[in-house]
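Comments concern the structure below.
Model, not experiment: these values are computed from the prediction. Atom set for the values below is all heavy atoms of this structure, side chains included, hydrogens, waters and symmetry mates excluded. Starting from 1, each residue takes its place in the sequence as its number.
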Amino acid sequence: MTVRGAAPDRAAPRARHGRRAPARRTARALTPLLWLGPSLLLIATVVLWPVVEMIRTSLLRISSSGVTLGSRGLGNYRDLLTDEDLLPVLARTLVWVGGVVLVTLVLSLALGQLLNARFPGRRVVRWAVIVPWAASVLMTALVWKWLLDNYSGPVNRLLLDAGLIDRPVNWLAHPTTALAWMMWVAIFVSLPFTSFVVLAGLQTVPAEVYEAARVDGAGPLRAYFTITLPLLRPAILVAAIINVINVYNSFPIIWAMTGGGPGHATDTTTTFMYKIAFYDQDVGTSAAMAVVNFALILVMVLLYLRAARWREEVR
C-alpha cells in the first residue's frame, strides 16, 4: 500500500549506482590494455616464445634430420662446456665486442663534434657519413674482403707501391690480422649510427651553459669534460647498449670475411653456434649455446648499466 505524500525511495538507485562505480573504475583501468594488447601480443610472439622454445630445445635430444628423440636434460650443456674451443671463442667474443664498442664510442664523440660544427657542405658530409650504416652489412663485408684480397686487393697494391710491404699479405688467413680487420669493418659499420646519436645529444645542450662557462673562465677542454661529456651520458648510454647488442650478435661480417676460420680461429659465439648446428648437426648443443649467448648479453648490458650508474640517470 502506497502512502500519499511519502518521500520517494532513493535507496535502490543509489545502491545500483554504487554497484556500477567499481565496474566503471575496472573498465577504465582495463582500457589501456586494449591499446597495449597488440603490442604485448607481438612481443610475446616474437620475443618471449622464441626464448622459451630455445630453452626447451636445449634440453632435448634432436637428430640431424630434426626429429626429437626425447629429453636429454643438461647433457647438451655438458657437451658444450667440455668443448675445448668454447673458452677461446668466449674470450675472442669479449675482445671483439669490447674493442669495437670502445673504439666506436671514442671515434663517434669526435665525429659528432665535427658534424655539430658549422662549415660549408655540412649537410653533404652528414649524408656521406650515414651511407655505411644505410648499406647492407653483408655487402660492406664483401667489399672489404675484396679490398683485402692478397692478389687483386687495392690494400696490398697501395702498401706495395708505398714500400711498406715487400710482398702481398693474405690478411684474412692469419687469425690476428683477420680479427683486427673484421673489428675495423664492424667499427666502420657502427660509426654512423653512434655518431648521429652523439650529434642528437650535442644538439640538446643549451648554448647558455657554454656561455656561462666562458664567463667563469673555462677553456674549451675544461668545458668539454665538465659540461659536454656529463650531458652526453644518456646518449652515450643508449649508443653503447645498442652497439653491444648489435656487435655481440653480429654474424654477416665474420661469416662473409673469414667464415670463422681457419677452424675456429676467428669464431665468435654466433658463428660458433651456427657451426655446431649446421656443420656438426647438433641442434640441441647449438640451442644450449644460444641460451648461453642470451644470458651473456643480458649480463653485459646489466654490467654496463651498473657501471654507468643508470639509476642516477632515472632519478
Side-chain angles (χ1 to χ4, degrees), residues 32 36 39 43 47 93-135 137 140 183-250 253 294 296-315:
L36 295 175
S39 299
I43 292 172
V47 178
T93 302
L94 292 177
V95 173
W96 161 262
V97 175
V100 171
V101 173
L102 181 61
V103 175
T104 299
L105 286 175
V106 172
L107 294 179
S108 296
L109 288 172
L111 188 56
Q113 289 286 140
L114 174 64
L115 297 177
N116 194 43
R118 295 185 178 276
F119 58 88
R122 181 176 65 171
R123 180 174 298 180
V124 176
V125 173
R126 287 182 176 181
W127 279 105
V129 167
I130 207 171
V131 167
W133 180 73
V137 176
T140 304
M183 290 174 68
W184 159 246
V185 175
I187 293 167
F188 179 76
V189 171
S190 305
L191 197 59
F193 170 78
T194 313
S195 298
F196 274 86
V197 171
V198 171
L199 175 62
L202 287 171
Q203 292 181 339
T204 63
V205 180
E208 294 81 4
V209 178
Y210 292 109
E211 293 176 3
R214 282 194 294 269
V215 171
D216 291 339
L221 192 62
R222 182 182 172 188
Y224 183 79
F225 283 101
T226 59
I227 298 174
T228 305
L229 274 183
L231 293 177
L232 280 178
R233 280 183 61 191
I236 294 174
L237 181 66
V238 170
I241 292 175
I242 293 177
N243 272 318
V244 165
I245 295 172
N246 286 341
V247 175
Y248 186 87
N249 292 312
S250 180
I253 294 174
F294 184 72
L296 286 175
I297 193 65
L298 286 180
V299 169
M300 283 194 290
V301 170
L302 290 175
L303 286 176
Y304 183 83
L305 288 173
R306 183 176 179 83
R309 298 179 182 178
W310 66 280
R311 291 184 181 87
E312 294 181 6
E313 293 295 333
V314 171
R315 291 171 188 168

Cut-off 3.5 Å, no hydrogens considered: what does the side-chain donor-acceptor table look like for residues 185-200, sequence neighbours left out?
residue: S190; atom: OG; partner: A186; partner atom: O; Å: 2.8
residue: T194; atom: OG1; partner: S190; partner atom: O; Å: 3.0
residue: T194; atom: OG1; partner: N243; partner atom: ND2; Å: 2.7
residue: S195; atom: OG; partner: L191; partner atom: O; Å: 2.8

Name each donor-acceptor pair under 3.5 Å that joins a side chain in residues 98-116 to protein atoms two or more places apart or in another chain, with its distance.
residue: T104; atom: OG1; partner: V100; partner atom: O; Å: 2.5
residue: S108; atom: OG; partner: T104; partner atom: O; Å: 2.6

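Just one residue in the list I227, L229, T228 forms a side chain to side chain contact (heavy atoms under 4.5 Å, CB included) with L231, and that residue is I227.
Looking at M300 and I297, their side chains come closer than 4.5 Å, going by heavy atoms from C-beta outward.
For R222, the CZ atom counts as loosely surrounded, since its 6.0 Å shell holds 12 or fewer non-hydrogen atoms of other residues, nucleotides or ligands.
Under the side chain to side chain donor-acceptor pair (under 3.5 Å) criterion, T140 pairs with no residue at all, not counting sequence neighbours.
Here the shortest heavy-atom pairing between W96 and I253 reads CH2-CG2, 4.2 Å.
A distance of 4.0 Å separates CD1 of I241 from CG of L237, quoted to the nearest 0.5 Å.
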